[in-house]
Amino acid sequence: MKYFLLETDKKISQLPQIVQLHDKIDVRDIHRESAYKIAHRQLLTVKGDTDTFYPDVISTPVFLLSQRAKRVVEMYEPRTVWRETVLLDRENEKVSRYFLPIFEEEDCLAENAVFNLNHSLLKEIVLDGKKLLERYLPSIPQADVLSQLNEQTLFRIAGVEKTYIVGNLDVVESMLKRGLRGIGLTELQVIWREKDE
């Protein structure tokens, strides 16, 4: 199975700039166990101009999805926790509706993934295929394990301060087939170790 890092397309320069985010959302709470601390709906002020492009995926300073992207995610990960986020550009009288997804987190990094000095960022993402399978191994016959990998469609990489959202080939293809715009995709290296290691 192929996995991809989902983010905003880096070629887009005119993106909405969210201001004073930390007054509204504490990024440390964007986890399943602390999501209750985040308001179910919030208004975030953005700076932009008449040429500002609102992509279907905004990956910084927080990961946000448009309504169209949210519909795709709900087909694959119906248990995703959502917080509605309205982006308001007062100067240009523009209002855009987005959603903050709170995905399950997976301890899925291989030993040779490269971090920065304080482990807040990943310089090189390398996934451990065996770790991605481990939560299914006890209950699934060995022959069916790879077919069950489809259940692992979207997740957040655990153990890193910055948010890294990973999607498998199925969900990525579904997003592209529906014409979602402004999505940057980077295929990630997956290392498969022997079961007995």
If every non-hydrogen atom of Ile30 is compared with every non-hydrogen atom of Ile38, which pair is closest and at what distance? CG1-CD1, 3.9 Å
Are the side chain of Asn116 and the backbone of Leu121 linked by a donor-acceptor contact shorter than 3.5 Å? yes
With heavy-atom distances below 4.5 Å as the criterion, would you say the side chains of Thr45 and Gln20 are in contact? no
Glu161, CD: over 12 other non-hydrogen atoms inside 6.0 angstrom: no
Point-to-point distance, once rounded to the nearest 0.5 Å, from CG of Leu117 to NE2 of His119: 9.0 Å
Within a strict 4.5 Å, meaning less than it, do heavy atoms of the Leu127 and Ile191 side chains meet? no
Between Arg32 and Glu105, is there a side-chain N and carboxylate O pair less than 4.0 Å apart? no
Side chain to side chain, Leu185 and Leu6, heavy atoms closer than 4.5 Å: yes
For Lys47 and Glu91: C-alpha separation, side-chain torsions, deciding distance, then whether salt bridge (charged side-chain N to carboxylate O under 4.0 Å, His left out) applies. CA-CA 8 Å; Lys47 286 184 179 177; Glu91 189 174 327; over 6 Å; no
Under a 4.5 Å side-chain heavy-atom rule over Ile, Leu, Val, Met, Phe, Trp and Tyr, are Ile58 and Val72 clustered together? no
Shared hydrophobic cluster, Leu88 / Tyr54 (ILVMFWY, side-chain heavy atoms < 4.5 Å): no
Expected output: side-chain Asn92 to main-chain Gly48 donor-acceptor under 3.5 Å: yes
The side-chain hydrogen bond (donor to acceptor under 3.5 Å, both in side chains) partner of Ser59 among Thr8, Asp9, Thr163 is Thr8
Grab the two heavy atoms, one from Pro61 and one from Leu21, that are nearest each other, plus how far apart they are. CG-CD2, 3.7 Å
Measure the shortest side-chain to side-chain distance between Asp128 and Glu111 over non-hydrogen atoms and say whether it is less than 4.5 angstrom. no
So, Lys162 side chain and Leu122 main chain: donor-acceptor pair closer than 3.5 Å or not? no
Tell me whether Ser96 contacts the main-chain N or O of Leu87 through its side chain, where contact means a donor paired with an acceptor under 3.5 Å. no
Between Leu169 and Val73, is there shared hydrophobic-cluster membership here, with clusters defined by ILVMFWY side-chain heavy atoms closer than 4.5 Å? yes
Note, Tyr98 side chain near Leu44 side chain (heavy atom, < 4.5 Å): no
Closer than 3.5 angstrom, by distance alone: can the side chain of Lys131 be matched with the main-chain N or O of Leu109 as a donor-acceptor pair? yes
Is there a donor-acceptor pair closer than 3.5 Å between any side-chain N or O of Gln42 and the backbone N or O of Glu84? yes
Pairs under 3.5 angstrom only: tabulate donor-acceptor contacts from the side chains of residues 177-184 to other protein residues two or more places apart or in another chain.
from   : atom 1 : to     : atom 2 : distance (Å)
Arg178 : NH1    : Ser174 : O      : 3.2
Arg178 : NH1    : Ser174 : OG     : 2.5

Taking Tyr76 as the starting point, is it possible to reach Leu5 by hopping between hydrophobic residues whose side chains are less than 4.5 Å apart? yes
Beyond-backbone contact of Leu188 with Tyr164, side-chain heavy atoms, under 4.5 angstrom: no
For the side chain of Thr85 and the backbone of Phe99, is there at least one donor-acceptor N/O pair under 3.5 Å apart? no
Closest non-hydrogen atoms of Phe103 and Arg156, given as atom of the first, atom of the second and distance, are CB-N, 4.0 Å
Just wondering, more than 12 heavy atoms not from Glu33 lying within 6.0 Å of its CD? yes
Heavy-atom pair of closest approach, residues Leu154 and Glu77: N-OE2, 3.6 Å
Answer whether the closest heavy-atom distance between the side chains of Pro55 and Leu15 falls below 4.5 Å. yes
Counting N and O atoms only, with roles assigned by atom type, does the side chain of Thr52 sit under 3.5 Å from a partner on the main chain of Pro16, one being a donor and the other an acceptor? no
Under a 3.5 Å distance rule, please check whether Arg83 uses its side chain to pair with a backbone N or O of Ala35 as donor and acceptor. yes
Any side-chain heavy-atom pair of Phe63 and Val57 under 4.5 Å: yes
